[in-house]
Amino acid sequence: LFTFRIAAANGAATLRPLADQDGDGLPNAWEVLHGLDPFDKNNELSDPDEDALNNTQEFTAGTDPLDPDSDDDQMPDGWEVANGLNPLLNDSEQDPDADGLTSLEELAINTHPNQPDTDRDQMPDGWEVQYRLDPLADDASGDADRDELTNLREFRLGTNPRVADT
């Protein structure tokens, strides 16, 4: 193991790269690599890139604490982690829940990329978006076209809930 000396506010200090000088749970080398202060014991809870992952979560996920989108797929690291996606893989065009919406589309409309029916109304999010229903509200019992068939019944029959004569 090697050590090196760095300048600190109160003079020079010895720093062991694999150690955790300030006891915040983040290795010194990782903190230095990412421009963080290895002597600041408050680093672990800060979120300098404002992606909803603190530095400890960024370290655990392997993401860059100074880049809100480590894989450059237009989805914030924190959103990807919270929704079971990989923040290190460009998965924006994938549809992991097979509901007809890409992960990027799910982000845009605030639905869950790993739940095909975010509002649990028995109609897939993609189908609801296609027919201008609300994938975030249970609108299964509604009748958008007033043809006396509920939206859920239209889904099950494969008909258009916006057109009465289908």
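Given the structure is predicted, the values throughout are model-derived calculations rather than measurements. Numbers for residues simply follow the sequence, beginning at 1.
Side chain of Asn83 to backbone of Leu85: no donor-acceptor contact under 3.5 angstrom is found. A donor-acceptor pair under 3.5 Å is absent between the side-chain atoms of Asp77 and the main chain of Asp51, judged by distance alone. Not a single donor-acceptor pair under 3.5 Å links the side chain of Asn55 to the backbone N or O of Pro65. With hydrogens and angles disregarded, a donor-acceptor distance shorter than 3.5 Å links the side chain of Asn43 to the backbone of Asp37.
Interatomic distance, OG of Ser103 versus CG of Asp73, reported as 8.5 Å (0.5 Å rounding). The distance from the CG atom of Leu66 to the CG atom of Leu33 is 9.5 Å, given to the nearest 0.5 Å. Distance check, rounded to the nearest 0.5 Å: CZ of Arg156 to OG1 of Thr150 gives 8.0 Å. To the nearest 0.5 Å, the span separating CD on Glu128 from CG on Asp119 amounts to 4.5 Å. Atom OG1 of Thr56 sits about 4.5 Å away from atom CG of Leu26, to the nearest 0.5 Å. Summarising the geometry, atom CG belonging to Asn151 is positioned 7.5 Å from atom CZ belonging to Arg162; distances are rounded to the nearest 0.5 Å.
Between Asp49 and Pro76, every side-chain heavy-atom pair lies at or beyond the 4.5 Å cut-off. Side-chain contact between Arg153 and Asp143 is absent, with no heavy atoms from C-beta onward closer than 4.5 Å. Contact check for Gln115 versus Arg120: side-chain heavy atoms found under the 4.5 Å cut-off.
Note on Phe59 and Leu36: same hydrophobic cluster, where clusters join Ile, Leu, Val, Met, Phe, Trp and Tyr whose side-chain heavy atoms are under 4.5 Å apart, directly or indirectly.
Applying the side chain to side chain contact (heavy atoms under 4.5 Å, CB included) rule to Leu88 yields the partners Thr63, Ser70, Asn86; only residues at least two apart in sequence or on another chain are considered. Gln74 pairs by the side chain to side chain contact (heavy atoms under 4.5 Å, CB included) definition with Leu104, not counting sequence neighbours.
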What verdict does the side chain to side chain contact (heavy atoms under 4.5 Å, CB included) test give for Leu152 and Met123, after you've listed the backbone C-alpha separation in whole Å, the side-chain angles of each residue and the deciding distance to 0.1 Å?
CA-CA 7 Å; Leu152 180 58; Met123 299 178 295; 3.8 Å; yes

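Residue pairs satisfying the ring pair (Phe, Tyr, Trp, His ring centres under 6.0 Å) criterion with at least one member in residues 104-129, sequence neighbours excluded, are listed as follows: Trp127-Tyr131, Trp127-Phe155. For residues 91-100, the side-chain hydrogen bond (donor to acceptor under 3.5 Å, both in side chains) pairs, not counting sequence neighbours, are Asn90-Ser92.
Cluster partners of Leu45 are absent, since no Ile, Leu, Val, Met, Phe, Trp or Tyr has side-chain heavy atoms less than 4.5 Å from it.
Looking at every heavy atom in both residues, Glu31 comes nearest to Asp22 through OE2-OD2, 3.6 Å. Ala61 approaches Pro87 most closely through the heavy-atom pair CB-CG, 4.5 Å. The two residues Asp24 and Lys41 make their nearest non-hydrogen contact at CB-O, 3.7 Å. Scanning all heavy atoms of the two residues, the minimum distance from Asp69 to Glu80 falls at OD1-OE2, 4.1 Å. Here the shortest heavy-atom pairing between Asn28 and Pro38 reads OD1-CB, 3.9 Å. When all heavy atoms are compared, the tightest approach of Asp64 to His34 is OD1-ND1, 3.6 Å.
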I'd like a table of donor-acceptor pairs (distance under 3.5 Å, sequence neighbours excluded) in which one partner is a side-chain atom from residues 133-142, with atom names and distances.
from   : atom 1 : to     : atom 2 : distance (Å)
Asp134 : OD1    : Leu136 : N      : 2.8
Asp138 : OD1    : Ala140 : N      : 3.1
Asp139 : OD2    : Asp134 : N      : 2.9

